[in-house]
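The first residue of the sequence shown is numbered 1, and numbering continues consecutively from there.
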Amino acid sequence: MRPRLLLPSLAAASALTLSACGSNGSSMFGSEPTTEGGAPAGQTAGSPETGTDATGSAAEGALECEEPPAPPSQPQSFTQDDLPDPKSGDPATLTATVETNCGDIVLELDAANAPQTVASFEFLADEGYWDASTCHRLTTAGLFVLQCGDPTGTGRGNPGYGYGIENAPADGNYPPGSLAMARTQDPNSNGGQFFIVYEDSMLPTQGGGYSIFGQVTEGLDIVQAIAEQGVEGGGGDGAPTQPISILSIDIDG
């Protein structure tokens with residue numbers, strides 16, 4: 001059985017690297033064996049910051065979400081040979097629009113500083129790998145992220161290939177709007193799971209940290225509104241109370 005990708009547990013966030021599992025057993029960021037990334041913990045959760053800029057504003061009014069689609073019965077699978085070549089860095093950035101059942105989230109992808117990650121993200125988006133996939137994990141204590149990218153919804157899924165770390169912050173600081181890859185303890189386990197940071201978070205740097213490959217330019221308010229509704233059943237790590245699923249991802253540039 002594949003390990004799940006998660007972030008480190010809330011209590012041990014400061015000492016662990018992000019893995020791909022959550023409180024439900026899935027992995028994100030951390031030292032536990034997993035298949036793709038997660039996030040750290042160790043502090044108490046605060047309310048999502050509010051503001052007026054594109055990446056940090058809180059939603060005005062109630063969040064409106066449609067019923068999420070059923071997940072794919074047979075997620076796509078690839079091989080290491082399918083991993084695309086790194087981007088050339090020209091153009092330096094690409095724009096990705098993530099259509100979700102709660103609204104669109106627009107991303108600026110950093111092809112100059114994370115060329116392999118962006119190439120893989122573009123490939124999987126073009127293949128429809130994430131279509132109808134749920135964002136299976138929300139953390140609200142110590143680590144403030146929404147984790148997506150596993151079509152199985154278990155935290156164990158990966159596309160069948162892996163690659164190394166790029167553009168990880170040396171100080172472990174992941175500001176709101178950061179878009180980063182989840183992984184296991186293996187630095188070459190980046191694959192399909194990724195996370196969006198909705199409030200300042202610190203992640204362990206041991207083992208190389210977690211690849212930042214872009215930022216949210218529109219729609220962070222959607223993630224913050226999801227976070228405000230908390231984790232299903234209470235607690236600080238698990239499936240979000242308000243389900244959010246990726247319907248499609250389109251990339252321009």
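- One finds the NE2 atom of His136 at 8.5 Å from the OG1 atom of Thr134 (value rounded to the nearest 0.5 Å).
- Residues Pro175 and Asp200 have side chains in contact (heavy-atom distance under 4.5 Å, counting atoms from C-beta outward).
- Closest approach of Ser120 and Gly191 over heavy atoms only: OG-O, 3.9 Å.
- The CG atom of Asn173 sits 8.5 Å away from atom OG of Ser201, with the distance rounded to the nearest 0.5 Å.
- Proximity of a side-chain donor or acceptor of Ser77 to a complementary backbone N or O of Gly160 within less than 3.5 Å is not detected.
- Annotation for Ser133 and Pro151: closest pair CB-CA, 3.7 Å, computed over non-hydrogen atoms.
- The cluster map of Ile, Leu, Val, Met, Phe, Trp and Tyr, joined by side-chain heavy atoms under 4.5 Å apart, puts Phe213 and Tyr161 in the same cluster.
- The two residues Cys148 and Ile246 make their nearest non-hydrogen contact at CB-CD1, 4.1 Å.
- Side chains of Gln242 and Cys102 form a contact here, defined as non-hydrogen atoms less than 4.5 Å apart.
- Between Ala114 and Ile212, the shortest heavy-atom contact is CB-O, 3.9 Å.
- Within 6.0 Å of CD on Gln229 lie more than 12 heavy atoms contributed by other residues, nucleotides or ligands.
- The aromatic rings of Trp130 and Phe194 sit perpendicular, their planes meeting at an angle over 60°, well past the 30° parallel limit.
- Here the straight-line distance linking atom OG1 of Thr139 with atom CD of Glu199 works out to 10.0 Å at 0.5 Å rounding.
- Cluster annotation: Leu83 is connected to Phe121 through the hydrophobic network of ILVMFWY side chains, with a link wherever side-chain heavy atoms come within less than 4.5 Å.
- Counting only heavy atoms from C-beta outward, the side chains of Ile251 and Leu109 approach each other to under 4.5 Å.
- Side-chain N or O atoms of Gln193 include none that pairs as donor or acceptor with a backbone N or O of Asn158 at under 3.5 Å.
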Requested in this report: Please step through side-chain contact (heavy atoms from CB on, under 4.5 Å) for the pair Ile226 and Leu63, ending with a clear verdict.
Outcome: CA-CA 8 Å; Ile226 295 290; Leu63 178 67; 3.4 Å; yes

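- For the residue pair Tyr174 and Ala168, the shortest heavy atom distance occurs at OH-CB, 4.4 Å.
- Under a hydrophobic clustering in which Ile, Leu, Val, Met, Phe, Trp and Tyr are joined whenever their side-chain heavy atoms come within less than 4.5 Å, directly or via other members, Val231 and Ile222 fall into the same cluster.
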Requested in this report: Could you give me the CA-CA distance, side-chain angles and deciding distance for Thr79 and Asp81, then say whether side-chain hydrogen bond (donor to acceptor under 3.5 Å, both in side chains) is met?
Outcome: CA-CA 5 Å; Thr79 70; Asp81 291 339; 4.6 Å; no

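- No more than 12 heavy atoms of other residues, nucleotides or ligands shown are found within 6.0 angstrom of CD on Glu64.
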Report task. Could you go through the side-chain contact (heavy atoms from CB on, under 4.5 Å) check for Ile249 and Tyr129 one step at a time? Result -> CA-CA 9 Å; Ile249 299 180; Tyr129 175 73; over 6 Å; no

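- The two atoms that bring Lys87 and Ala111 nearest to each other are CB-CB, 4.1 Å, heavy atoms only.
- Residues Thr152 and Asp150 have side chains that bring a donor and an acceptor to within less than 3.5 angstrom of each other.
- For Arg137 and Asp237, the salt-bridge test passes: some basic side-chain N is under 4.0 Å from an acidic carboxylate O.
- Leu247 and Ile244 end up in different hydrophobic clusters when Ile, Leu, Val, Met, Phe, Trp and Tyr side chains are linked at under 4.5 Å.
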**Report entry** Stepwise side-chain hydrogen bond (donor to acceptor under 3.5 Å, both in side chains) check, Tyr163 with Ser189
**Finding:** CA-CA 6 Å; Tyr163 54 90; Ser189 63; over 6 Å; no

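- Residues Pro72 and Asp131 fail the side-chain proximity criterion, which asks for heavy atoms closer than 4.5 Å.
- Distance check, rounded to the nearest 0.5 Å: CD of Glu228 to CG of Asp221 gives 10.0 Å.
- Under the 30°/60° scheme for interplanar angles, the aromatic rings of Tyr198 and Phe144 are found to stand perpendicular.
- Rounding to the nearest 0.5 angstrom, the gap separating the CD atom in Glu122 from the CG atom in Asp250 is 11.5 Å.
- Taking 4.5 Å as the limit, some side-chain heavy atom of Leu107 sits within range of a side-chain heavy atom of Val98.
- A perpendicular orientation is assigned to the rings of Phe78 and Phe123, their planes being inclined by more than 60° (bins at 30° and 60°).
- Note on residues 108-117: pairs passing side-chain hydrogen bond (donor to acceptor under 3.5 Å, both in side chains), not counting sequence neighbours, are Glu108-Gln215, Asp110-Asn113, Thr117-Glu166.
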Report task. Given side-chain contact (heavy atoms from CB on, under 4.5 Å), test Val118 with Leu94 step by step and report yes or no. Result -> CA-CA 8 Å; Val118 171; Leu94 287 76; 4.2 Å; yes

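- Sorted by first and then second residue, the side-chain hydrogen bond (donor to acceptor under 3.5 Å, both in side chains) pairs with a member in residues 92-107 read Glu99-Ser248; sequence neighbours excluded.
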Report task. Would you check, one step at a time, whether the test side-chain contact (heavy atoms from CB on, under 4.5 Å) holds for Val216 with Val223? Result -> CA-CA 10 Å; Val216 177; Val223 181; 6.0 Å; no

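- Put simply, CD on Glu67 and OG on Ser245 are 9.5 Å apart, with the number rounded to the nearest 0.5 Å.
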